[in-house]
Protein chains: 2
Amino acid sequence: MPPQISSTQKLRYFNQYRILKTLYFNEPLSRQELSRETNLSVATITNLITTWLDRGVILESGTVQSKGGRPRVMLTLNRAYGAFVGIDLGETHIRFELFDLKMNSQQSIMVWLTNGDTQPTDVVAKIVAGYRELLQTAVFPEEKVIGIGIGVPGVVEREGGISIFAPNWGWHNVSLLTKLKEAISAPIIIDNGAKAMGLAEMWFGGKPNNEHLIALLLGTGVGTAIISEGEIQRGVTNSAGEFGHTTLDINGRSCRCGGQGCIETYVGAPGIIQTLQTINPESPLLHGTSQLDIIAAIATAAEEKDETARIVLQQTANYLGAGIANLINLYNPQTIVLSGWLGNQLGPFFLELLPPLIEKYALPQPGAITHIKVSSLGDNSIAMGAASLILEDFLHGTRTSWRLSSGVVSLIPQ
Amino acid sequence: MPPQISSTQKLRYFNQYRILKTLYFNEPLSRQELSRETNLSVATITNLITTWLDRGVILESGTVQSKGGRPRVMLTLNRAYGAFVGIDLGETHIRFELFDLKMNSQQSIMVWLTNGDTQPTDVVAKIVAGYRELLQTAVFPEEKVIGIGIGVPGVVEREGGISIFAPNWGWHNVSLLTKLKEAISAPIIIDNGAKAMGLAEMWFGGKPNNEHLIALLLGTGVGTAIISEGEIQRGVTNSAGEFGHTTLDINGRSCRCGGQGCIETYVGAPGIIQTLQTINPESPLLHGTSQLDIIAAIATAAEEKDETARIVLQQTANYLGAGIANLINLYNPQTIVLSGWLGNQLGPFFLELLPPLIEKYALPQPGAITHIKVSSLGDNSIAMGAASLILEDFLHGTRTSWRLSSGVVSLIPQ
DNA sequence: CCATTTAATTCAATACTTAAAATAACAGTC
DNA sequence: GACTGTTATTTTAAGTATTGAATTAAATGG
């Protein structure tokens, strides 16, 4: 008789993954504790985890002392079972990161992109080469790579052709996934970098499973991940969350997206620099050659109570505060995380300046409960997020996720 | 042996309700068709629907002619099985509506509130009296009322005390539900009126199960329901979706919420009237005594190509367009519905003016796919939405929904 | 060593879905 | 009007799930 593919089987499958996910974020747990957490009977736990034990995904890691009675056997994840690769594809760099099963970084490589080598073929070649190099020095052999997640600075669409608009590159309808699959056999998931980072923030950014979270990726642009009830908000065509291009001042600065007064034009690095120029065109803070230099100079000056820097930050915080208040009013989140190279540097100053602004612009009730903080994940948060795209599938048993069958990449301003 | 309450039972329960919901939105269907829609076997369909047939929730409504072969028996909902009551509690009126199982209005009552009788006790008394009156004239006896949904102009919180801020009333920490339960035995669900209306728009506003939808309730304030993947977005404390108080012009008009340049100050009725006053303080359009009069006058004048009215609408549409663009960029929805007394009147004009503004302010890709329309549900959309809160529980088998155990009402500006 | 206690496994009972077989209900044809 | 072909529905039996209860395992403490 042919095997029955039915819903009671799906129930078992689903319960197996529920156990895995519970253990992942709460290990170590005994069978009894797992039973309590999942509301499944101990008998079922024993039954279902044999799969994971047999495959070596989880381990029995010793017993715990008891005062009378058989000691509990603690179950933990086998962090050596497999690895996740996270790739942060930025406009100026590619960062490769290899993580163990518990998302501890094992190996890291940074590659810089120059203006000359940003054709799709070049980038694909660099990704493949970087991936190979990453594995060469790593403790994990390639067959242990569960999957590769790639975070890109744009919108990844489910189906075909997309118009592209990137500051530096000029890609059009490029299916990164197809090209990469020719060279790499491991499963690949491509998604927006900010969305990926949001996953990392939810799972590894502090209190785990913070299910109403908004992560802001502040840099040249303003990327955003909005997580509601534990799910990244994608909308109909996976382009939801473009907070950077929401209008804050309808009569304000014009934006590269065609709109006016987008939050990006005030809070993105070029916007902040423009604010500085308006306040004092002669400011020595402007001497730096790159955005990074100038922002760093502002941060240093602010540390030393420089008046100009203070005003710049105050004015920027005003826009950021109003923008965050909009998010609070719309999403009523638990937590808002500031991240990205700019967010990491200026975040501490913003945290001081924001409270009165939130109080002014946000409604009292949701405003009072929202907690704003700076990311604790550091510079590899996007790579970790990209790897988390794979982890997500790994913990849900959804290798058939639509993102796997997609891979057409579009870069729009962010 | 005591009955086992386990997950395979839940599976059956869940499948029963999945069948019910599928039938609700796709009736009439035969058992075979239901099998195809739900991916359950025909045997299971036969098995599971006996519950609904026995209880009289669904009916076998005759066979369909076949060309050779046993004819299909079509299954339909028994619209006389029970009734839903929807109550639209506004600041100036209470609207009671009795619906059959398929949400066809059977009976309707309108009660006006004067300034003198807006104490909690008064309002509760009016609700109870109105409910009784509604039933007296109705074809459904009270025991057939499945539940009562109430839409209120504010935030309904899960737990206790809430500060209140209402233009007309001055309630504080009023548990409407507790008071109503003393007089009414049917289950009651209370929620924000705009959120409730969003449910009605999703299910009855056109293409059924439009799962990425935003409904704007335009009136004195701007209420909003945001539906993503078929679920109303609530956030952590059920206050998500306060679009009316998001900033559009950070240097703009000050708002009763304490913010500046909230979209409500331009698109709400008082905001539009203010715009008219700014353009022409002497305008005869301002002669009306109430908001409703003036807005109606603007609509009539615009119909007759009046220049002042045209400018007012153009300026208002500019703010509305930027606001809607923000929603598009953030939520990437399929559909945006304009509703509410003001939305119904001025909506047709906005529809003409909006496209170029969306193109200007929204990102191209999500902007192009979003469909904007005026509600087709008319004046009882909030009452229908309130009733839909009960329908939601009815179709999901979730009588234990948190909203049932709640009922503390807070009125914040909207 | 034994009583006690707690953890984990085994077992038997119960429940659910479903493929296949049986039955039902038609249209059309000889 | 019986028979055939066809499609719909129900019945049956098989396969698989979860779980309470019973059993076994592994400790502590006197």
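Naming: A, B, ... by sequence-line order, numbering from 1 per chain. When reading the values below, keep in mind they use all heavy atoms of this one structure, side chains included, and skip hydrogens, waters and symmetry mates.
Over its length, the helix from dC1(C)-dG30(D) to dC30(C)-dG1(D) turns its helix axis by 20°, as judged from the five terminal pairs at each end, rounded to 10°.
Within a heavy-atom distance below 4.0 Å of DNA chain D, the residues of residues 39-49 of chain A found are L40(A), S41(A), A43(A), T44(A), L48(A).
Out of dT18(D), dA8(C), dA17(D), the shortest distance to the side chain of T8(A) is found at dA17(D).
For the side-chain contact (heavy atoms from CB on, under 4.5 Å) test, residues two or more places apart in sequence or in another chain that qualify with A225(B) are A215(B). In this structure S30(A) satisfies the side-chain hydrogen bond (donor to acceptor under 3.5 Å, both in side chains) test together with E33(A), sequence neighbours excluded. In terms of the side-chain hydrogen bond (donor to acceptor under 3.5 Å, both in side chains) criterion, T22(B) has no residue partners (sequence neighbours excluded). Contacts of Y81(B) classified as ring pair (Phe, Tyr, Trp, His ring centres under 6.0 Å), with partners at least two apart in sequence or in another chain: none. Remark: F99(B) engages no residue in a ring pair (Phe, Tyr, Trp, His ring centres under 6.0 Å) (not counting sequence neighbours). Partners of F25(B) under the ring pair (Phe, Tyr, Trp, His ring centres under 6.0 Å) rule, at least two apart in sequence or in another chain, are W203(B). For R31(B), the salt bridge (Lys or Arg N to Asp or Glu O under 4.0 Å) criterion is met by E60(B), not counting sequence neighbours.
Atom C1' of nucleotide dT16(D) and atom CZ of F14(A) are separated by 18 Å, given to the nearest angstrom. Between the CD atom of Q9(A) and the C1' atom of dA19(C) there is a distance of 12 Å, rounded to whole Å.
Using a 4.0 Å cut-off between charged nitrogen and carboxylate oxygen, K144(B) and D100(B) do not count as a salt-bridge pair.
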message: I'd like to compare against my own output: the B/S/- annotation of nucleotides 25-30 of chain C with a strict under-4.0 Å heavy-atom distance to protein.
response: BBS---
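Residue pairs satisfying the salt bridge (charged side-chain N to carboxylate O under 4.0 Å, His left out) criterion with at least one member in residues 12-30 of chain A, sequence neighbours excluded, are listed as follows: E27(A)-R79(A), E27(A)-K102(A). Counting only residues at least two apart or in different chains, ring pair (Phe, Tyr, Trp, His ring centres under 6.0 Å) contacts with residues 57-77 of chain B are absent.
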